[in-house]
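Here the structure is laid out as structure tokens; the discussion comes afterwards.
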Amino acid sequence: MSMRPTLLVTLVSLTAFACWAAGCGSDSEADTSVAGAAGAADDGGVEAAEPDADEDAGDTLPEPICSQGTRWSSGTQAFKEATADWKLDVIGATGVRIVAVDYDGDGWADLSVAKTGAVGDDFAEGGARTTWLLRNDGKHAFADATKASGLRQTRVGTDPNKGRAGDVVSFGDVDGDGDLDAFVGLGIDPKNPGDETTELMRNKGDGTFELGPADSALRGVDLPSFGAPATGAFVDFDRDGKLDIWVPQAAPNSSPQQDRLYQGDGAGRFTDVTIDRGLKTSAWSSIATLNAAKAHTYAWSGTVCDLNNDGNPELLSASYGRAPNHLWQNTGNGEYKFVNRSIASGYAFDERVDWTDNESARCWCKLHPTDEDCAGVPAPKYIQCTKDDDAFRWDHSNDREPFRLGGNSAATLCTDVDNDGWFDLVTGEIMHWDVGASSDPAELLVNAKETDVRFTRPGNEATGLTRKHTGVDWNEGIMSGAVLDFDNDGWIDLYWGDSDYPGAHGLLYQQDSAGHFVAVPIAEGIDHHRSHGAAVADFDHDGDLDIVVGHSTARCSTGGDCYPTAQIRYFENVIGQGGNFVQVVLEGGAGTNRAAIGARVTVKAGGVTQTREVGGGHGHFGAQDDLALHFGLGAECTAEVTIRWPDASLTTETFTLPAGHRFAIAQGGKPKVLWSRAKP
């Protein structure tokens, strides 16, 4: 039987913050670092917030810094390109794996950038580079700190100018020491092992890294077959206060592989608990197994979030190759095992199964009219169809099966889109003109709000997320993106990176009513061709979310809309800075992972309830937004902020916070101002 699915291939604080949040004296090092983080008012448009001299001083919160609010409407500029302003044109970092992270704990979001399939760096002058760790200096500029940070140090060799390979990067505090460690994923083949592997890089507390334990299963040296992380998503799946990591497996030049869950011991070592926790899938040997989404994925993305509001995170793996996506529901109840709800949830694939408008299928049936189901199938409209090779995307023996009528799925974004208190999904998909209606589009999946996770698909016509294509032979490459409230109106908006193909362009949408979007014109939004990779943060501390995007040059020989290089570009938010917001940076206490990954924050203001989670990585071969959570407040000047900590008892705390400030909140402590917006 032929099987031929094609494979194409901030936290703030840390040690200093812990001291400051507890009320260290004014002579402490923590006071100096926090004042420095907030003290770039001339450049960032913020007012420095001095730390309190004692613990009780935090009882008095500042006054709101408030305006009448902002909301984008047609004719209003939302973003402007500021790449040169931030010196990114000088650095020349190129890549589509982009992470926003405050890796050095100074309060300013930095950047991790990597090329696709990044090989080892050559740090010698003029040497070839494929990865960058860029430090935000708090004065509207980034500096290349890759070599100095040690993030790319090798386990073998002594040449200081040689850096370790790996393009999948995410950050979390795995050892609870108050600084962010890094997962750096690298594909390895046990039959032909190289010198380097996936690594956990431990942050030494000064913004530099060292290699983690050599005997950790996370390195993948004991995998039975080729392992290539499609994502490394930090998660505390059993709420024991120790970060674990979900690593869906891609399969370059290999058959699909078992996705992996690694349990952390709180000291930097990880154990493979995939099978013990119920996540076992099977090889591609049975049509029935494939149709039931019980076979391995061609993983292209991973996501972690709590989808049924029980406090226990679900695990998701999106699959390339028109194979089913996987959704694993966490059983919780002290057991913390996983049940496969890929099909039942509606995440595996959509319900569009009519293959008869597929040009290649029509060609096959024209040439083989007596084959099963070919009776009545129309002739192809656009392809020549004189030989079997013309049916280049069709295998009649398999491609009518449900598992082959799904999508080519990349990044899945998880957040409460419609402000109903339940997390929805936004999928990314590749589509081709010739495949027809059965090809799953990138779209919004709305949470049905049930104990057993299930989604509905209202469709892009209903949600406003339609895309127009010109000509016959169009392609769509939505593989990455971001969810963000760019205009501070209290409603999540969406950016999709449409990559690779000629004419493709980054797509920005504003949510104009619950669950409905309108496209922001390119001239008023983000003008970027073949956009691939995105990271979101308030990089300049002006109270709105900016975005850094990458550029795919994978098919630049086929079109003239490519930039000279794949340099990343910075788009500064110019509408939200006058709006109202609250930002929170969380620090877990006893029983909670220190970076508070998985903490759920609910913000109520003006009759609107927003819900976010602190994320530990997601996306198409690695993405992560700043760990500081941002909430636009519309016209409101105060907000009720509730934090559900991801500990065993799901401890909950509620505060009323004024607009216009970023707060640090340590579990069990009082909110502390980190910085404040300039007064209007």
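Quick caveat: nothing in here was measured; it's all calculated off a predicted structure. All values below were derived from every heavy atom in this structure, side-chain atoms included, with hydrogens, water molecules and symmetry-related copies excluded.
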- Message: Please report the interatomic distance NZ(Lys604) to CD(Glu640), rounded to the nearest 0.5 Å.
- Response: 5.5 Å
- Item | Which atom of Arg612 lies closest to which atom of Phe631, heavy atoms considered | CG-CE2, 3.2 Å
- Message: With a 4.5 Å cut-off on side-chain heavy atoms, are Val603 and Val584 touching?
- Response: no
- Does the pair Ser112 and Tyr103 meet the rule for a side chain to side chain contact (heavy atoms under 4.5 Å, CB included), with working shown? CA-CA 9 Å; Ser112 169; Tyr103 79 90; over 6 Å; no
- Look up atom CG in Asp625 and atom OG1 in Thr415, then write down how far apart they are to the nearest 0.5 Å. 10.0 Å
- Donor-acceptor contact below 3.5 Å, side chain Asp418 vs main chain Gly515: no
- Message: Could you go through Asp512 and Arg71, starting from their C-alpha distance and side-chain angles, then the distance that decides it, and tell me whether this counts as side chain to side chain contact (heavy atoms under 4.5 Å, CB included)?
- Response: CA-CA 9 Å; Asp512 63 343; Arg71 181 174 174 81; 4.0 Å; yes
- CD (Glu613) and CZ (Phe423) are apart, to the nearest 0.5 Å, by 4.0 Å
- Message: Looking at every non-hydrogen atom in both residues, tell me the closest pair between Ala678 and Ile65 and how far apart they are.
- Response: O-CG2, 3.8 Å
- Is it true that Arg129 and Asp144 make a salt bridge, defined as a side-chain N closer than 4.0 Å to a carboxylate O? yes
- Query: Asp542 versus Asp544: any side-chain heavy-atom pair under 4.5 Å?
  - Reply: yes
- Message: Between Ser319 and Ser409, is the side chain to side chain donor-acceptor pair (under 3.5 Å) condition met? List the steps.
- Response: CA-CA 5 Å; Ser319 181; Ser409 304; over 6 Å; no
- Determine whether Trp433 and Tyr382 make a side-chain contact, defined as any pair of heavy atoms from C-beta on separated by less than 4.5 Å. yes
- Criterion side chain to side chain contact (heavy atoms under 4.5 Å, CB included) on Ile430 and Met479, from CA distance to verdict: CA-CA 7 Å; Ile430 289 180; Met479 294 189 285; 3.7 Å; yes
- Provide the closest heavy-atom pair for Val614 versus Leu629 in the form atom of the first, atom of the second, distance. CG2-CD1, 3.8 Å
- Is Gln511 close to Val417 at the side-chain level, that is, under 4.5 Å between some pair of heavy atoms? yes
- Would you confirm whether Asn408, through its side chain, and Arg322, through its main-chain N or O, come within 3.5 Å as a donor-acceptor pair? yes
- Just how far is it from atom NE2 of His528 to atom CG of Asp498, taken to the nearest 0.5 Å? 12.5 Å
- Query: Just by modelled atom types, is the Tyr347 backbone N or O under 3.5 Å from a matching donor or acceptor in the Ser345 side chain?
  - Reply: yes
- Message: Quick check: do Trp496 and Leu465 have side-chain heavy atoms less than 4.5 Å from each other?
- Response: yes
- Ring geometry between Phe486 and Phe79 (parallel below 30°, tilted from 30 to 60°, perpendicular above 60°): tilted
- Donor + acceptor pair across side chains of His661, Ser676 (<3.5 Å): yes
- Note on the structure: Rounding to 0.5 Å, atoms CG (Asn488) and CD (Glu636) come to a distance of 13.0 Å
- Pro441 vs Asn460 side-chain heavy atoms within contact, under 4.5 Å: yes
- Task: Evaluate the ring planes of Tyr563 and His529, with Trp represented by its six-membered ring, and classify them as parallel (under 30°), tilted (30 to 60°) or perpendicular (over 60°).
- Result: tilted
- Message: When you measure from the side chain of Arg135 to the backbone of Leu133, do you find a donor-acceptor pair of N or O atoms at a distance under 3.5 Å?
- Response: no
- Item | Glu63 atom CD: more than 12 heavy-atom contacts under 6.0 Å | no
- Start with the C-alpha gap between Phe539 and Val548, add the side-chain angles, then the distance that decides, and say whether side chain to side chain contact (heavy atoms under 4.5 Å, CB included) holds. CA-CA 10 Å; Phe539 291 101; Val548 175; 3.9 Å; yes
- Message: Which residue in the set Thr231, Val453, Asn325, Leu307 passes side chain to side chain contact (heavy atoms under 4.5 Å, CB included) when paired with Leu316?
- Response: Leu307
- Message: Determine whether a donor-acceptor pair (N or O, by modelled atom type, separation under 3.5 Å) exists between the side chain of Arg467 and the backbone of Glu476.
- Response: no
- How many angstroms lie between atom CG of Leu413 and atom CG of Leu445, to the nearest 0.5 angstrom? 11.5 Å
- Query: Asn580 side chain to Ser67 main-chain N or O, any donor-acceptor pair under 3.5 Å?
  - Reply: yes
- Query: Got a donor-acceptor contact below 3.5 angstrom from the Thr303 side chain to the Thr412 backbone?
  - Reply: yes
Could you list the donor-acceptor pairs under 3.5 angstrom formed between side-chain atoms of residues 82-91 and any protein atom two or more places apart in sequence or on another chain?
from	atom 1	to	atom 2	distance (Å)
Thr83	OG1	Glu81	OE2	2.7
Thr83	OG1	Tyr570	N	3.0

- Where Ala230 and Ser301 come nearest, the two heavy atoms and their spacing: CB-N, 3.9 Å
- Item | Check: His432 ring centre within less than 6.0 Å of Tyr501 ring centre | yes
- Query: Could Arg352 and Asp350 be called an ion pair, given the rule that one side-chain N must be under 4.0 Å from one carboxylate O?
  - Reply: yes
- Message: For a 4.5 angstrom cut-off between non-hydrogen side-chain atoms, does Tyr509 reach Val518?
- Response: no
- Item | Asn475/His469 under side chain to side chain donor-acceptor pair (under 3.5 Å): CA gap, chis, key distance, verdict | CA-CA 8 Å; Asn475 299 282; His469 301 290; over 6 Å; no
- Query: What closest approach, in Å, do Gly617 and Ala233 show between heavy atoms, and which atom pair accounts for it?
  - Reply: O-CB, 3.3 Å
- Within the distance-only criterion (no hydrogens, no angle test), does the side chain of Asp538 pair as donor or acceptor with the backbone N or O of Gly543 below 3.5 angstrom? yes
- Query: For the residue pair Asp540 and Glu572, what are the closest heavy atoms and their distance?
  - Reply: OD2-OE2, 3.7 Å
- Task: Output yes when a side-chain donor or acceptor of Thr602 lies under 3.5 Å from a complementary backbone atom of Thr611, and no otherwise.
- Result: no
- Task: Taking the side chain as every heavy atom from C-beta outward, state whether Leu134 and Asp110 have any pair of such atoms under 4.5 Å apart.
- Result: no
- Message: Does this structure show an ion pair linking Arg644 with Asp306, if we count only N-O contacts that are shorter than 4.0 Å?
- Response: yes
- Message: If we ignore hydrogens and angles and just use 3.5 Å, is the side chain of Asn419 paired with the main-chain N or O of Gly490 as donor and acceptor?
- Response: yes
